[in-house]
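All remarks here apply to the structure that follows.
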Amino acid sequence: MQLLLIHSDYIEYQTKKQTPVAEKIEESLKSGRLEEALTAFTAVESVDELNPEEAIEKAVSEIEKVAAQVKTDRIMLYPYAHLSSDLSSPKVAVEVLKGIEKALSGKFEVKRAPFGWYKAFTVSCKGHPLSELSRSIRPEGTAKAVCKTVAVEEKEEVVSEALKAEGTARSYWRILTLDGELHEVESFDLTPYPKLQKFVNYEMSKSRAVERAPPHVELMRRLELADYEPGSDSGNMRYYPKGRLVKSLLENYVLDVATDFGAMEVETPIMYDMNHPTLKKYLDRFPARQYSIESDKRQMFLRFAACFGQFLMNHDMTISYKNLPLRMIEMTRYSFRKEQRGELVGLRRLRAFTMPDMHTLCEDMDQAVNQFKQQYDLCIDVLENMGIHVDDYEVAIRFTRDFYESNKDLVISMAKTVNKPVLVEMWDTRFFYFVLKFEFNFVDALDKASALSTVQIDVENAERYDISYASADGKLERPTVLHCSPSGAIERCIYALLEKAAMETEEGKVPMLPLWLSPTQVRVVPVSEKHLSFAEEFSKKMDCRVDVDDRDLSIGKKVREAGREWVPYVVVIGDKEIEEGTINVTVRSESEQNKPKKVQMTPEELNTRIKEETAGKPYRKLPLAKYLSARPKFF
RNA sequence: GCCGUCGUGGCUUAGCGGUAUAGCGGCUGAUUCGUAAUCAGCAGGUCGGGGGUUCAAGUCCCCCCGACGGCUCCA
């Protein structure tokens, strides 16, 4: 059955002429009007004939749900054959319509327009998004009930077909355990895996009640990392020097890792022609909303990933099988997605974000699968080095049924690698461009989940972009393409680190960023002005981001503020240090709340310690004045 | 996009019909100090923007903007 539901100021109809299938009606029903009503345009279809009772029940339930949403208690049931090309017999249609009318009439004021008449009608639609909804109702069994919800947009918003298709994609959820078994989610005991449970709830039940703002929002401001920018569009943030530093370090780290992995860094435009034939098709296959802008007479869109630029580049390249697997990466600053307003929160979901986007061209599916495995391991490693451990996220693996049937071992090995059950989603048919993908989903302090790293096997775009390589026997072949974001969005990594720190604070731990990401690594606190020159001397020996708190404040206050800034090493310098030549270091990573851990060491020892802890990680200089007295406050 | 809550100096905030509180921060001065807030003084606000009601509006009403939460949606 097809339903088109219109929340209207009023609906009015007038019968004109009978068709051969017209039902016999009283004079009073030949016209009708209902104010403030939900009008349900209904087409009963041939599949409904199998089980009319069920069709009635489902339709009633859908109508009731929508009526509750738009808060109306009047319903106009309006037969509308043009909603379907596969109609039921008129007899069944009338039976179903009457059934719906009867079931609704207890709770609502219901009117039903007569079946089988040509009618003139006027409907005044309220125009809010929920005011125009369509529902497809399918009987259980033949094709599991899929209720399609497509808000009919009153404005010309660009919503890709893929985005719409997602509403109709039919999928099965399972838990995959280490023994390779797939379990029904409902009957699987998730209590030993609280985080997975939260993630599963988040994905499936969509119950996301939250009683407070996410803690990272306060932290990103207090640590002077990032802030909202009222002068821009929502979801476009400003980053203060410390935030820019942390982002640079993370970006450089991912680029370094990708380079070691064999990827070539490239840069591609941020805007593209919406009417470019290849891009246009791709837009319709990617579930995202775009910003569109005008340039001269051309309609452009802002990229939401680096796929476009890299694929267009690949298209023009001469590639031999000897060059495969061929990897390219771009740190997209920015990728733009015009997310809905209500979805934007702090650094978790943005409209402009930095995404490391790597693509790998592979000879065939075998090589792709092999690469996929390697990149899966790579992603785990990248997050681990950022301070996000396997315990901090849950794995989701999504694939088509066909792919799974022929690659069970791969999927099972992925669960084994992380040594815990994973959530699996399987599609009967391929709705998207990929046949396999995974994401690592970080579960935050409020039990919300968001995807970080992801890898996908793309079987569509080589063809679409006409990318080819010369095989050993000289023929042109289509590569299989992998999409990979080793860390996920950089801003989202910061969000995850801050949320993790907030959760640790709640557990009574002392929060901090990994040393290599800490803006200030060593803070020097001279006891009084006369120790300042020695503090300066000491700071010069430090081979890291060191600053000096030369403000005229008590020691207690300066130490407290260093703590509030999560400074990993705090060194107080006074007469004793000058005499003895050793320093007293407060080590944050070994401290407990209200119990600072203080260690006596030489400047050289501290230097060595920091070098070891940051080995292999990128380094950037302190982007702020060394003396705190010379530093502005950002808010 | 819809519904709800909120929006007072750089930050946090009191006031909820009679032209505005306090703390932090800033500035000035004193203090030269040993690990979670040294003392004193000064400056800084047409209470998110616009419109309306009233003799009188942060305070009541309407519209807009922004943030947060829910719905919806999603890497």
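Heavy atoms only: backbone and side chains are in, while hydrogens, waters and symmetry mates are out. Below, read A as the first sequence line, B as the second, and so on, with proteins coming before strands; counting in each chain starts at 1.
Pair assignment for B/C16 gives none, since no Watson-Crick or G-U wobble pairing has each distance under 3.5 Å. The pairing partner recorded for B/G66 is B/C6, the criterion being a Watson-Crick or G-U wobble arrangement whose two distances lie under 3.5 angstrom. With a cut-off of 3.5 Å on both Watson-Crick or G-U wobble distances, the partner of B/G34 is given as none. Checking B/C27 for Watson-Crick or G-U wobble geometry (two distances, each under 3.5 Å) identifies B/G41 as its partner. Pairing of B/G1, defined by two Watson-Crick or G-U wobble distances under 3.5 Å, is identified with B/C71.
When the nucleotides B/A36, B/C68, B/G34 are ranked by their closest atom to the side chain of A/Val572, B/G34 comes out on top. Side-chain proximity of A/Ile555 to B/A36, B/U35, B/C68: nearest is B/U35. Checking B/C33, B/G34, B/U35 against every side-chain atom of A/Lys598, the shortest atom distance belongs to B/U35. Between B/U12, B/C74, B/G69, one nucleotide has an atom nearer to the side chain of A/Val345 than all others, and that is B/G69. For A/Ser554, taking side-chain heavy atoms from C-beta onward, the closest of the listed nucleotides B/C74, B/U38, B/A36 is B/U38.
In this structure, CD in A/Glu384 is found 8.5 Å from CG in A/Asp392, a value given to the nearest 0.5 Å.
Salt-bridge formation is not detected for the pair A/Arg74/A/Glu36: no Lys NZ or Arg NE/NH1/NH2 atom is positioned less than 4.0 Å from an Asp or Glu carboxylate oxygen.
B/G45 adopts an anti glycosidic conformation, its chi angle falling more than 90° from 0.
When the side-chain nitrogen and oxygen atoms of A/Lys576 are compared with OP1 and OP2 of B/G34, none of them lie within a distance under 4.0 Å. Under 4.0 angstrom from either OP1 or OP2 of B/C11 there lies no side-chain N or O belonging to A/Arg222. The phosphate of B/G34 (OP1 or OP2) has no side-chain N or O of A/Lys558 nearer than 4.0 angstrom. OP1 or OP2 of B/G25 has at least one side-chain nitrogen or oxygen of A/Lys557 nearer than 4.0 Å. Here A/Ser528 does not reach the OP1 or OP2 of B/G34: none of its side-chain N or O atoms lies under 4.0 Å away.
Across the C1' atoms, B/C60 and B/U21 are found 23 Å apart, a figure rounded to whole Å. Comparing the P positions of B/U53 and B/C61 gives a spacing of 15 Å, expressed to the nearest Å. Across the C1' atoms, B/A37 and B/U12 are found 16 Å apart, a figure rounded to whole Å. Nucleotides B/C74 and B/G4 place their C1' atoms 23 Å apart, quoted to the nearest Å. B/G7 sits 13 Å from B/C16 when the P atoms are compared, rounded to a whole Å. Only the P atoms considered, B/A57 is 41 Å distant from B/C39, to the nearest whole Å. If you take atom C1' in B/A36 and the same atom in B/G45, they sit 32 Å apart, rounded to whole Å.
Ranked by how close their nearest RNA chain B nucleotide is to the 5' end, A/Arg221 and A/Arg560 are led by A/Arg221.
A donor-acceptor contact under 3.5 Å links the side chain of A/Asp552 to the base of B/U31. For A/Arg337 against B/C74, no side-chain N or O and base N or O form a donor-acceptor pair under 3.5 Å. Side-chain to base pairing of A/Glu577 with B/G34: one donor and one acceptor N or O lie within less than 3.5 Å of each other.
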Exercise. Given A/Glu590 and A/Arg609, is the salt bridge (Lys or Arg N to Asp or Glu O under 4.0 Å) satisfied, shown in steps?
Worked result: CA-CA 14 Å; A/Glu590 294 171 21; A/Arg609 180 173 171 144; 2.8 Å; yes
For this session: Assess whether salt bridge (Lys or Arg N to Asp or Glu O under 4.0 Å) is satisfied between A/Glu499 and A/Lys448, documenting all intermediate values.
Result: CA-CA 11 Å; A/Glu499 287 287 326; A/Lys448 296 218 176 199; over 6 Å; no
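Between the side chains of A/Arg464 and A/Tyr433, no donor N or O sits under 3.5 Å from an acceptor N or O.
A cation-pi arrangement is absent between A/Arg492 and A/Phe442, since the terminal nitrogen or guanidinium carbon is not both under 6.0 Å from the aromatic centre and inside a 45° cone about the axis.
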